[in-house]
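Keep in mind that this is a model prediction, so the values were computed, not measured.
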Amino acid sequence: QLQLVESGGGLVQPGKSLKLSCVARRSTMDYRAIGWFRQVPGKEREEISCISASGGSTNYADSVKGRFTVFRDNARDTVYLQMNSLKFEDTATYYCAAGGGLGCPPPYFHSWGQGTQVTVSS
């Protein structure tokens, strides 16, 4: 069964960058779209990006468009989220999940990772 593991979170100053990784274990993510989400305690989970199985199609939430870039290396079974120009409001726990299909948006997401914390603070 596919397992996704996020890493790369941490404490960063406003305006700086971080790159998150989402690695597949126990199975491959080659034939699945991958979504990135974030959640702040007490708020609804926000889908911020999705990348198709081939990597040829991506989409972004307005809140991160132009600052975040999603890309994947299927040879490494890894999807990355490059986050630039970070803002205080980007502070959240970030999760990746596998889509129930090749494209974005998929009909559903599954195999959620455990999350990685990103804190933007001066």
Side chain E6, main chain C96, donor-acceptor under 3.5 Å: yes

Gap between atom CE of M29 and atom SG of C22 - 0.5 Å precision: 4.5 Å

From F88 atom CZ to Q13 atom CD, the distance as rounded to the nearest 0.5 Å: 9.5 Å

Nearest heavy atoms of Q39 and A92, plus distance in Å: O-CB, 3.5 Å

OH on Y60 to CZ on F68, rounded to 0.5 Å: 10.5 Å

Path from V12 to W36 over hydrophobic side-chain contacts below 4.5 Å: yes

Where N84 and S17 come nearest, the two heavy atoms and their spacing: OD1-OG, 2.9 Å

Proximity of F71 and Y80 rings by center, below 6.0 Å: yes

S57 backbone acceptor or donor facing S52 side chain under 3.5 Å: yes

Heavy-atom neighbours of E89 CD exceed 12 at 6.0 Å: yes

Heavy-atom pair with the smallest gap, counting every atom of T116 and G9: OG1-N, 3.1 Å

Test side-chain contact (heavy atoms from CB on, under 4.5 Å) applied to V79 and L4, V70, L20, the passing residue: V70

L18 vs L86 side-chain heavy atoms within contact, under 4.5 Å: yes

Residue list, side-chain hydrogen bond (donor to acceptor under 3.5 Å, both in side chains) with K19, at least two apart or on another chain: none

Set of residues satisfying side-chain hydrogen bond (donor to acceptor under 3.5 Å, both in side chains) with respect to Y94, sequence neighbours excluded: R38

Non-neighbouring partners of T93 that pass side-chain hydrogen bond (donor to acceptor under 3.5 Å, both in side chains), sequence neighbours left out: Q117

CG-CD1 distance between N74 and I34, expressed to the nearest 0.5 angstrom: 9.0 Å

side-chain hydrogen bond (donor to acceptor under 3.5 Å, both in side chains) against T28, all qualifying residues, sequence neighbours excluded: D30, D77

Common cluster, Y95/F109, ILVMFWY with side-chain heavy-atom separation under 4.5 Å: yes

Under the salt bridge (Lys or Arg N to Asp or Glu O under 4.0 Å) test, residues paired with R76 that sit two or more places apart: D73

Residues forming a side-chain contact (heavy atoms from CB on, under 4.5 Å) with R67, sequence neighbours excluded: V64, S85, K87, D90

Validation row, ring centre W112 to ring centre F37 under 6.0 Å: yes

Over all atoms of both residues, closest heavy-atom pair of A33 and C50: CB-SG, 4.2 Å

Distance, nearest 0.5 Å, that separates NZ of K16 from CE of M83: 14.5 Å

Atom of L2, atom of H110 and distance for their closest heavy-atom approach: CD2-CE1, 4.4 Å

Nearest-0.5 Å distance that lies between atom OG in S63 and atom CD in E46: 3.5 Å

R32 versus G99, closest heavy-atom pair with distance: CB-O, 3.7 Å

